Every structure is written in structure tokens, then in C-alpha cells.
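Reviewing the structure listed below.
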Amino acid sequence: MLNLGGASLHEMRTFLKELSIKTSGRVEFRDITREVEEAVRESGIKSGVAIIFTPHTTTGIFMNEDEGGLKRDLERILEKLIPEKGGYMHDEVDYNAYAHLRSIILGASLAVPVEGGRLMLGTWQSIFLAEFDGPRSRRVYVRVMGSD
Ligand code: ZN
């Protein structure tokens with residue numbers, strides 16, 4: 001029998017959920033793992049992948065440990081690499097160039113494998129929305145693709 005390399009026993013499905021996240025700081029790292037896990041549960045998909053995507057140009061999505069000291073370290077290293085006041089050209093248009101630049105560095109999406117109906121995160125891995133121009137109401141899309 002020809003093996004096309006895909007799972008053909010179970011039909012592939014997709015599910016999309018929009019999360020609405022209200023950030024409370026100008027710069028904030030918000031753990032959204034619980035909301036993403038809830039979306040995966042709602043999808044009913046057991047085996048596949050979840051894509052977590054933010055459609056804004058001054059936020060980012062990243063994964064790491066939810067530990068207070070580490071979050072402060074990240075804030076400090078980003079401030080060192082991309083300070084708020086940097087004589088940026090975009091600041092002549094809209095005073096938030098640092099927020100766009102940090103967003104570019106972190107990226108806008110992540111893909112996480114789903115197995116047994118759960119995100120395959122490591123023990124210390126959490127999913128974060130990074131806010132760089134808050135406080136605002138932000139959207140995060142969770143697209144789950146896979147089979148039952
Ligand atoms: Zn801008």
C-alpha cells in the first residue's frame with residue numbers, strides 16, 4: 001500500500017478561537033497558557049498542532065518559564081537592546097518605535113504540538129503575550145488543526 005505519510009484513518013479538522021486579553025501595563029508579559037489550553041480542550045482535537053498568533057504590530061508571542069525574576073530580566077535585556085528612547089525614525093510618525101522593534105524581535109506566533117488533547121509543553125514552558133504599547137485590549141488567535 002502506498003504510504004503518503006499522513007494520518008488517513010482520522011479526518012483532519014480545524015478550530016479557531018479568538019482570545020481577548022486586556023493588558024494592564026505599558027510593557028507586560030502575560031501568561032496565556034491557561035486560555036490556550038482551554039481553546040485546545042474546546043476544539044476536541046486530540047492529535048495535531050496549535051498555532052498561537054497575535055495580529056498586532058506592538059505585541060509578541062513567546063514561550064518560557066513564568067518566573068518573576070526572569071520576566072524582569074527579559075524586560076531589562078529588551079530595554080538594553082531596544083531602549084524606549086532611541087532616536088527612531090518611526091517616532092516622528094507615532095511615538096512607539098521601540099514597541100514595534102521589540103515585537104519584530106520576539107515574533108507574532110508560535111506552533112505547539114497537541115497530543116492526547118493537550119499542548120505538549122515542557123514542565124517549565126508557558127506561553128506569553130508580550131505587550132509593548134499598553135495597556136490595551138489585545139487579540140490572540142488560537143488555530144488548532146488535527147484529528148480526533
Ligand atoms: Zn507605531
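Keep in mind it's a predicted model, so treat the numbers as computed, not measured. Scope of the values below: all heavy atoms of this structure, side chains included, with no hydrogens, waters or symmetry mates. Whatever order the structure lists them in is the order used to number ligands and atoms, beginning at 1.
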So what does the H90 NE2 - the Zn ion (ligand 1) - H100 NE2 angle come to, to 10°?
90°

Out of L121, D31, N64, which one pairs with I127 under the side chain to side chain contact (heavy atoms under 4.5 Å, CB included) rule?
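Among L121, D31, N64, the one that satisfies the side chain to side chain contact (heavy atoms under 4.5 Å, CB included) with I127 is L121.
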
Within this structure, what is the CD-OH distance for the pair E18 and Y141, rounded to the nearest 0.5 Å?
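The CD atom of E18 sits 4.0 Å away from the OH atom of Y141.
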
Heteroatom test (N, O or S) for T58 near the Zn ion (ligand 1), limit 2.8 Å:
no

Output yes if D94 passes the N/O/S-under-2.8 Å test against the Zn ion (ligand 1); output no otherwise.
yes

So which pairs with a foot in residues 83-121 pass ring pair (Phe, Tyr, Trp, His ring centres under 6.0 Å), sequence neighbours left out?
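Counting only pairs at least two positions apart or across chains, the ring pair (Phe, Tyr, Trp, His ring centres under 6.0 Å) contacts touching residues 83-121 are H90-H100.
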
F29 and F62 aromatic ring geometry - parallel, tilted or perpendicular at 30°/60° bounds:
perpendicular

